[in-house]
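To start, the structure itself, in structure tokens.
The figures here come from the full heavy-atom set of this structure, side chains too, leaving out hydrogens, waters and symmetry mates.
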Amino acid sequence: MSAQNTINNSTTNTTSTYVPAYKTGIANIIVSDYPDPDVIRVDDTYYMVSTTMHFMPGCVILRSYNLLDWEFCSYVYDELEKTPGQQLLDGKGIYGKGMWAASLRYHEGLFYVSFVANDTGKTYLYTSPNIQGPWKKSTINGFYHDMSILFDEGRVFVVHGNTEVRLTEMKDDLSGPKLGGINKVIIKDDREKVWLGYEGSHFYKINGKYYIFVINMPKGKMRTESCFVSDKVDGPYREVEVFCSDLGGWNSGTAQGGIVQSNDGKWYGIVFQDHGALGRIPVLVPVNFDGERPVFGENGKAPQNVTVLDNRPGYEYEPLYTSGFAGRDGKLSSMWQWNHIHNPKLASVEGEVLTIKTDRVVANPVQAANTLTQRTVSEKCFGSVKLDASGINEGDYAGMCALEGEYAFIAVTKRDGKFYLTTADHKLPQGQPNPAETPHFLEEIEIASQKITLALKFNLTHNKENVQLMYFDEAKGDFVRLGALSSRLRYTLDQFVGVRFALFNYSTKKAGGEAKFTDFKYDFW
């Protein structure tokens with residue numbers, strides 16, 4: 001079936017056998033790190049793609065039938081490129097790089113996903129007739145930052161760039177620019193008046209007019225959504241500021257994302273908001289058109305609640321978090337991602353047992369290969385796991401980390417034949433982050449057993465943003481903190497992601513140690 005470019009490159013017909021109804025829900029639709037959203041609708045189903053950067057498998061796509069409730073649909077790739085950086089073999093990794101800000105489209109029976117990776121300097125294109133794959137991988141000649149694809153009456157275009165937004169006409173197969181096609185700057189920001197120039201483009205043709213939605217940050221303002229509209233694809237484009245609104249008192253602006261038309265003809269935008277250490281969360285806002293001018297939100301503000309058509313009322317969505325390691329198919333649950341490409345010879349999940357072995361000496365958990373991660377979901381979440389550290393070597397650290405640029409962890413270590421439970425955290429130094437920097441160790445106790453249950457308790461509410469490093473005290477029959485204080489967390493640009501649960505094992509003296517993890521439990525408080 002063919003998509004109609006006038007309605008977000010998606011179809012308008014519904015094939016659902018359900019009787020539609022309306023549903024009201026909160027605007028911050030997923031309280032978790034799903035940034036740079038692009039959204040389409042095909043028949044009665046919405047699909048949203050989000051940035052995953054250095055986590056593998058990568059380029060996550062979610063699915064919904066009402067724009068409020070979302071579940072996992074697919075990853076576009078298991079591994080992007082087996083470079084030393086993407087395998088954490090170079091002592092640095094690709095933190096803050098990898099894939100981001102993908103464009104998602106459906107056209108003439110084919111799904112398209114395209115994005116750049118700043119570590120490889122390439123633009124990738126993945127195509128599939130099935131949203132769940134398998135996906136065919138190729139590259140587009142050139143580098144197209146924050147690109148967005150538009151199929152338009154037998155031609156195909158991308159808009160891309162930062163501060164200067166460029167329109168490039170592409171070959172029919174999207175392998176590169178079309179010889180003799182349009183290739184010009186169509187939008188320019190004033191570098192002297194902004195903290196962040198126009199970027200994060202989303203390109204549409206609606207009712208015969210061309211729309212480009214971008215984010216920027218004028219000096220003195222929070223993140224702002226702007227729109228440029230034209231009667232012709234190559235301009236000139238007229239600017240309309242469409243949205244500058246906070247949500248929940250975070251003072252960070254709700255902006256950058258795609259728009260989509262529902263089956264009842266109404267329009268909605270999914271943009272993101274910086275939500276502190278939790279990450280960048282997607283927010284749903286209604287979009288109305290005042291003539292050619294799109295109007296986001298209600299009275300210029302992001303509403304707390306949004307009412308939408310529910311194409312499949314009664315449908316039960318799978319949660320975007322999981323306890324345990326195995327999914328229904330017995331393989332690793334899709335809610336887990338490896339930090340960079342993992343080595344299956346060193347880290348594996350068999351049933352409900354995660355085993356991590358080391359093959360090198362590193363300084364900290366950020367450089368620990370084969371670390372398994374899961375997003376924090378909600379401002380107050382709790383995770384625990386049973387650790388068997390009997391196989392670690394002298395100088396190893398195996399445990400549970402609140403992983404982002406400024407991290408904190410609780411781990412078992414071995415020293416002089418004895419085992420200790422220890423906590424540590426890390427604050428970024430002034431200047432460039434040092435990947436070889438050792439953590440700041442906080443508290444330590446000697447333990448008799450190498451088998452222990454560890455836990456992280458997150459409070460990611462505004463102006464709190466901390467984690468308690470905990471273990472299960474058999475004598476007390478409850479979880480207790482190791483150390484009196486919580487470790488503060490902060491979203492930083494070196495990793496550019498929200499804080500995650502991370503299960504790790506790394507060696508500081510001798511490689512070859514082994515740690516086993518079981519019974520991971522995800523909860524809320």
Set of residues satisfying ring pair (Phe, Tyr, Trp, His ring centres under 6.0 Å) with respect to [X], sequence neighbours excluded:
| X | result |
| --- | --- |
| His342 | Trp338 |
| Phe143 | none |
| Tyr95 | His54, His340 |
| Tyr522 | Tyr321, Phe501, Phe524 |

Under 6.0 Å from the NZ atom of Lys136, do we count more than 12 heavy atoms belonging to anything else shown?
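Atom NZ in Lys136 is not packed in, count stays at 12 or less.
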Salt bridge (Lys or Arg N to Asp or Glu O under 4.0 Å) contacts touching [range] (sequence neighbours left out):
| range | answer |
| --- | --- |
| residues 109-126 | Glu81-Lys122 |
| residues 25-34 | none |
| residues 338-359 | Lys357-Glu514 |
| residues 373-386 | Lys386-Asp519 |

Check salt bridge (Lys or Arg N to Asp or Glu O under 4.0 Å) between [X] and all other residues, then give those that pass, not counting sequence neighbours.
| X | value |
| --- | --- |
| Lys82 | Glu79 |
| Asp146 | none |
| Glu199 | none |
| Glu465 | none |

Quick test of your reading of the model: are Arg63 and Glu318 salt-bridged, counting only N-O distances below 4.0 Å?
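Salt bridge between Arg63 and Glu318, a charged N being under 4.0 Å from a carboxylate O: no.
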Is Asp172 salt-bridged to Arg155, cutoff N-O under 4.0 Å?
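Answer for the salt bridge query: no.
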If we ignore hydrogens and angles and just use 3.5 Å, is the side chain of Asp38 paired with the main-chain N or O of Leu104 as donor and acceptor?
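Yes: the side chain of Asp38 pairs with the backbone of Leu104.
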